[in-house]
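To start, the structure under review is shown below, and the notes come after it.
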Amino acid sequence: MIHGILLIALFACAAFYIGEAQFFKDLSFSPMIIGIILGMLYANSLRNNLPETWVPGIQFCSKKVLRLGIILYGFRLTFQDVVNVGVSGIVIDAIIVVTTILGGIWIGRMLKMDRDTALLTSIGSGICGAAAVLGAESAIRTQAYKTAVAVATVVIFGTISMFLYPVAYRSGWVDLTPQEMGIYSGSTLHEVAHAVGAGNAMGIEVSNVSIIVKMIRVMLLVPVLLVLGVWVSRRGKSTGEAGEKGKVNIPWFAVGFLVVIGFNSFNLLPTVLVDAINYFDTFLLTMAMAALGAETSIDKFKKAGAKPFVLAFILDLWLIGGGYLLAKYVAPVWL
């Protein structure tokens, strides 16, 4: 088991090293995204040579390490962030999250998609990209390849939007104030890294609002996961022993995430220590992503088919169009 954990830690170290390249910085590719790519390259090349005794270590990283990483992710947020952005960001975030997830589930049914894949793809688009997909995966405990497919959709369409938004804003295609543009980008871009990258390209006024609004969306992961736990139990999908079927699956790591946010709101720890925790947390999440990638072969992507990408494309169109209308006509009411 230790050998499997060390292997995944090595992939995480490589992801951090590769992420320092200017090319990946320009793309705002976080080590987490690079980690899952490295894991997938390994899964489709040398994976068959892995000793079976190492497999439990990889599974430990994709589950236990993942949950610890989600909990520590709370050190990036405070409840003061919510107050600073005001009512408009909260309302629009809530609308985006609810409509994207419910709409994605409905469209997934129309496309006759696998239920878990449609749910993971919708949550990734609606909340905070890969971190949300990981959190949902840990709550419903589905197959690793479905998680990898959902993350792939987030990377592709989130990256496209990250480059599209600054171009549209600078060229005047979107008639929004810096405050409204910050709300627009923060409430609709997939990853935190995407919100940071696009915000920086549009100026400090846009960037500050964008990041805060994005972080409020991250906070909404907690109630979504709690609802998801109840939903899974009511669907009769057991996450433990057969005798536990129907039992409410409370994602305790989501509760821990919220507790950490509350603790961090009191600013009891020095900034240097919080930064160190966030760096370590990114490493843990990178390990989890690499482990998920290591369980994902091309055959499993073929099994998932094109439907997840069709769903993600439709959801991206909604985020771009619907998000603009909300930022243009709803945000000014609350500003």
Side-chain angles (χ1 to χ4, degrees), residues 5 8-36 38 61 64-85 89 127-132 134-135 158 162 182 185-186 189-201 203-222 253-291:
I5 295 173
I8 297 302
L10 181 63
F11 278 125
C13 290
F16 267 72
Y17 181 76
I18 294 171
E20 290 299 312
Q22 192 60 44
F23 174 76
F24 291 105
K25 286 184 176 180
D26 291 341
L27 290 177
S28 290
F29 267 29
S30 68
M32 288 189 288
I33 301 303
I34 298 172
I36 197 169
L38 291 178
C61 292
K64 303 297 184 183
V65 172
L66 164 62
R67 292 172 192 166
L68 177 59
I70 294 293
I71 291 172
L72 294 180
Y73 201 86
F75 277 105
R76 304 168 195 263
L77 309 168
T78 66
F79 291 125
Q80 287 89 326
D81 294 335
V82 179
V83 176
N84 290 339
V85 80
I127 305 180
C128 57
L134 291 174
M162 180 187 69
S185 56
L189 286 171
H190 296 61
E191 289 271 359
V192 173
H194 294 153
V196 173
N200 288 336
I204 190 68
E205 288 181 296
V206 176
S207 180
N208 288 343
V209 177
S210 176
I211 293 170
I212 293 173
V213 172
K214 181 62 188 176
M215 286 307 189
I216 293 174
R217 270 173 82 199
V218 175
M219 290 184 188
L220 293 177
L221 178 62
V222 177
F253 66 93
V255 178
F257 172 67
L258 189 60
V259 170
V260 169
I261 294 174
F263 174 79
N264 195 45
S265 299
F266 290 103
N267 294 318
L268 298 176
L269 299 180
T271 303
V272 175
L273 181 56
V274 173
D275 289 342
I277 292 172
N278 288 337
Y279 188 86
F280 176 64
D281 178 54
T282 301
F283 186 82
L284 292 179
L285 290 175
T286 302
M287 285 181 65
M289 294 288 271

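Counting begins at 1 with the first residue of the sequence.
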Quiz item: Under the side chain to side chain contact (heavy atoms under 4.5 Å, CB included) criterion, do Tyr73 and Leu221 qualify, and how do the steps go?
Solution: CA-CA 11 Å; Tyr73 201 86; Leu221 178 62; over 6 Å; no
Self-check item: Met287 side, atom CE; Lys64 side, atom NZ - distance, nearest 0.5 Å
Solution: 14.5 Å
Quiz item: Ile8 and Ala291: which non-hydrogen atoms are nearest, and at how many Å?
Solution: CD1-CA, 3.9 Å
Exercise. Assess whether side chain to side chain contact (heavy atoms under 4.5 Å, CB included) is satisfied between Asp281 and Phe75, documenting all intermediate values.
Key: CA-CA 9 Å; Asp281 178 54; Phe75 277 105; over 6 Å; no
Quiz item: Do you know the tightest heavy-atom contact between Met32 and Met289?
Solution: O-CB, 3.4 Å
Exercise. Fit a plane to each ring of Phe283 and Phe16, take the angle between them on a 0 to 90° scale, and name the class: parallel (under 30°), tilted (30 to 60°) or perpendicular (over 60°).
Key: tilted
Self-check item: Heavy-atom closest contact (Ala14 atom, Leu38 atom, distance)
Solution: CB-CD1, 4.0 Å
Quiz item: Donor-acceptor pair, Arg76 side chain versus Met215 backbone, under 3.5 Å?
Solution: no
Self-check item: Heavy-atom closest contact (Ser185 atom, Ser210 atom, distance)
Solution: OG-OG, 3.0 Å
Quiz prompt | Exercise: identify the closest heavy-atom pair between Leu189 and Ala198 | solution = CD1-CB, 3.6 Å
Practice problem: Using atom types as modelled and distance alone, determine if a side-chain donor or acceptor of Ser265 lies under 3.5 Å from a backbone N or O of Phe79. | Solution: yes
Quiz item: Taking all non-hydrogen atoms of both residues, which atom of Ala132 and which atom of Ile127 are closest, and how far apart?
Solution: CB-CB, 3.9 Å
Practice problem: Examine distances only and state if a side-chain atom of Lys214 and a backbone atom of Val209 form a donor-acceptor pair shorter than 3.5 Å. | Solution: no
Quiz prompt | Gln80, CD atom: more than 12 neighbouring heavy atoms under 6.0 Å | solution = yes
Practice problem: Apply the side-chain contact (heavy atoms from CB on, under 4.5 Å) test between Val274 and each candidate in Thr271, Val272, Asn278; give the one that qualifies. | Solution: Asn278
Exercise. Side-chain contact test, heavy atoms from C-beta onward, threshold under 4.5 Å: evaluate it for Pro31 versus Tyr17 and give yes or no.
Key: no
Quiz item: Looking at CG of Leu269 and CG of Asp275, how far apart are the two atoms once the value is rounded to the nearest 0.5 Å?
Solution: 11.0 Å
Exercise. Go through the steps to decide whether Ile5 and Val65 satisfy the test side chain to side chain contact (heavy atoms under 4.5 Å, CB included), and finish with yes or no.
Key: CA-CA 10 Å; Ile5 295 173; Val65 172; 6.0 Å; no
Quiz item: Distance from Leu285 atom CG to Cys61 atom SG, nearest 0.5 Å?
Solution: 12.0 Å
